Amino acid sequence: LFRMENGSLPPKTEGFVSRMALNDNKAGMEGLDRDKINKIIMETSKGSKFYENELKREQQVNQRIEMMLQKEQITEQQLKKAQAQVERMVAELEESRDLTRAIVHVDMDAFYAAVEMRDCPELKDKPMAVGSMSMLSTSNYLARKYGVRAAMPGFIAKKLCPHLVIVPTNFDKYRAVSNEIREIFTDYDPGFMPVSLDEAYLDFTEHVEKRQSWPESLRTRRYRASTTTTGEESGKLAQEAAPGTPDLSPVLFEDSPSSSSNSEDAGDAFEIFGTSVEEAVREMRFRIEQKTMLTASAGIAPNMMLAKVCSDKNKPNGQYRLPPTREAVMEFVCDLPVRKVSGVGKVSEKLLSALGISSCSHLGQKMALLSLLFSETSWHHFLQVSLGLGSAFIPRHEERKSMSTERTFKEMSAVEEQLSLCHELCEDLANDLKKEGLKGKTVTLKLKNVNFEVKTRALTLPYPVATADEIFTVAKDLLKTERDNESPQPLRLRLMGVRVSAFVSSDHKKPLQRSIVGFLNSGRGESGSSQRAKQQHLKENSQLSSSSQIWPLGCQRARAKRLQLQAAAASTTQQAGLGTSPPPVSGKTDASGRCPDGGSPALVCPICLLSQDDDDLGMFNRHVDLCLN
DNA sequence: GCGGATCAC
DNA sequence: CATGGTGATCCGC
């Protein structure tokens with residue numbers, strides 16, 4: 001039935017690798033010659049191993065679409081039932097719609113490129129990108145006019161724009177700038193959520209409330225705050241960007257006539273901001289620009305999903321506020337291309353497109369069908385998007401779940417070489433793990449061969465590992481297994497990676513305790529928002545039903561960990577400073593986990609309460625972790 | 001728990 | 001000459 005209406009695949013993707021086509025999703029790509037650019041991309045790529053692999057993956061997606069369209073043997077009956085279910089859920093979701101929060105998404109404009117341009121004036125009027133001939137991280141707006149964009153290899157970018165200047169990445173510098181802008185974020189929302197070095201979500205609600213009663217003096221911001229100039233270079237740069245250059249806000253000259261007389265110094269120039277959200281966000285962007293000489297864009301909306309889309313709307317150096325009314329939200333969402341929504345990538349876009357869905361209103365119209373073709377989590381997400389719903393609170397920063405390191409290199413087939421590389425990766429990873437005091441039970445080896453085919457091989461141990469040797473022991477086994485698997489052909493690799501996950505709650509610090517507290521008052525701050533935030537959090541978190549079990553388990557874990565720690569302290573130093581320690585798990589053991597009645601030196605596990613024969617602390621810890629699992 | 005895939009930046 | 005690295009999540013076993 002459905003196929004009759006929409007029986008064809010998107011027309012232009014025939015014999016065309018849509019995976020590789022120019023991504024005009026990003027800002028700054030208006031009015032350029034897509035066809036010409038795509039032609040150059042294709043001609044440059046054709047015949048490469050990379051291209052062949054992309055073709056293959058494209059085929060897989062096409063197959064998936066075929067399967068999906070097959071499943072469309074859906075009866076009118078089923079569709080009706082699904083529609084009823086959808087409508088029930090819509091009503092429920094509508095009930096929970098929260099328009100009371102002012103969520104802001106901030107995003108630095110062409111971040112890495114902007115930093116490099118700031119620090120090297122020669123680059124200002126040239127098309128440039130940050131990265132290497134193999135891969136670009138980002139490009140400036142001049143380069144984007146040629147179709148040069150993030151995630152494009154430099155050598156292709158050079159074909160699109162022969163005069164392109166490619167600057168190598170300076171992560172330390174970007175990190176430093178990132179810290180500067182995060183200091184500013186803190187003033188508006190101490191619980192802001194960083195997405196990456198240049199991007200963050202903030203909840204402005206409470207700031208704006210307070211701001212209502214602020215006098216002008218607290219909302220007055222000076223141009224070119226003096227404290228950040230650190231050396232002669234930035235001093236020189238400050239001059240370069242002095243009045244007259246288009247880099248400064250035009251506002252300096254249009255709105256502040258009183259200061260124009262001493263604008264050469266600009267030291268007395270200032271601006272007063274209002275009390276609305278928009279003014280607060282404008283102020284924040286102003287401070288970012290004054291502090292870093294870089295511009296940011298921002299979106300203001302009732303939830304994170306919408307704020308993210310809004311921040312893109314007036315980029316670069318602009319902001320957009322979506323009014324907090326249901327009507328405004330629905331109108332905004334109506335013509336919104338699904339691809340603009342965070343979480344909908346190239347593949348999802350293509351799958352939806354095969355169903356005749358390109359905008360969010362289409363999404364709503366075909367929701368019954370989607371509920372039959374996609375997984376529950378997927379269509380629930382689609383449904384939320386179609387209603388303009390998203391998280392109205394900013395979740396606490398979660399603890400990391402994995403840590404990895406990987407490297408791409410020239411073809412490598414020699415076993416010796418591979419082993420040596422693997423060991424190096426394990427050492428690097430162990431180093432990183434040590435910095436955060438992490439140990440994990442699962443080790444994963446990632447391999448990519450010269451045909452760009454990726455494989456991962458994992459093994460979960462009954463105990464956590466952290467050192468290079470421990471990880472390498474596992475990783476080299478996984479590598480050997482894979483080698484045996486492929487033999488007698490050698491593994492012709494172009495990438496290898498090692499990952500550790502399934503962390504056990506790490507000792508010393510107290511991340512566990514923090515996360516329990518976070519769970520209890522999962523809203524931030526102490527206002528009425530916390531209740532709402534908690535509700536929302538629980539609603540969105542499918543573990544609602546198990547929350548009652550998490551509690552005592554968490555306590556048990558925390559207690560066991562404390563005992564482990566104290567046992568460690570007791571065994572290394574013989575000090576008797578444990579008088580303030582918590583009560584023992586049972587009458588048989590004291591807090592150190594040792595038997596109190598003198599004689600036996602054996603450790604007692606606080607979980608299973610069995611004496612551990614081995615007096616070795618490492619073995620004891622391993623046992624406790626085992627019990628905790 | 002595993003492995004492939006998708007996604008964001 | 002040449003198509004990245006890190007972390008998360010989901011799905012179907």
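In what follows, every heavy atom counts, from backbone to side chain, and hydrogens, waters and symmetry copies are set aside. Keep in mind the model is a prediction, meaning the values are calculated, not measured. Each chain gets a letter, A, B and so on, in the order the sequences are listed, and its residues count up from 1.
- Close approach of DNA chain C to chain A, defined as any atom under 4.0 Å from a non-hydrogen atom of the protein, starts and stops at C/dA2 to C/dC11.
- Pairs passing the side-chain hydrogen bond (donor to acceptor under 3.5 Å, both in side chains) check and including a residue from residues 489-501 of chain A, sequence neighbours excluded, read A/Glu411-A/Arg492.
- With sequence neighbours excluded, the residues satisfying side chain to side chain contact (heavy atoms under 4.5 Å, CB included) with A/Asn451 are A/Lys49, A/Asn449, A/Glu453.
- At a non-hydrogen distance threshold of 4.0 Å, A/Met133, A/Ser134, A/Met135 from residues 132-139 of chain A come into contact with DNA chain C.
- Within the 4.0 Å cut-off from OP1 or OP2 of B/dA5, not a single side-chain nitrogen or oxygen of A/Arg64 is found.
- Note: CG (A/Asp312) to P (B/dA8) measures 12 Å, nearest angstrom.
- Between A/Phe50 and A/Glu376, it is A/Phe50 whose nearest contact on DNA chain C lies nearer the 5' terminus.
- In this structure A/Asp477 satisfies the side chain to side chain contact (heavy atoms under 4.5 Å, CB included) test with no other residue, sequence neighbours excluded.
- The ring-ring contact (aromatic ring centres under 6.0 Å, His included) pairs that include a residue from residues 421-452 of chain A are A/Phe50-A/Phe452, A/His423-A/Phe472, where partners are two or more places apart or lie in different chains.
- For A/Pro194, the side chain to side chain contact (heavy atoms under 4.5 Å, CB included) partners are A/Arg182, A/Phe192, not counting sequence neighbours.
- For the side chain to side chain contact (heavy atoms under 4.5 Å, CB included) test, residues two or more places apart in sequence or in another chain that qualify with A/Ala301 are A/Leu306, A/Ala307, A/Cys310, A/Leu322.
- With B/dT6, B/dA8, B/dC2 as the candidates, the nucleotide lying closest to the side chain of A/Ser342 is B/dA8.
- Listed by first and then second residue, the salt bridge (charged side-chain N to carboxylate O under 4.0 Å, His left out) pairs involving residues 127-143 of chain A amount to none (not counting sequence neighbours).
- Checking side-chain atoms of A/Glu470 against main-chain N and O of A/Thr467 turns up a donor-acceptor pair under 3.5 Å.
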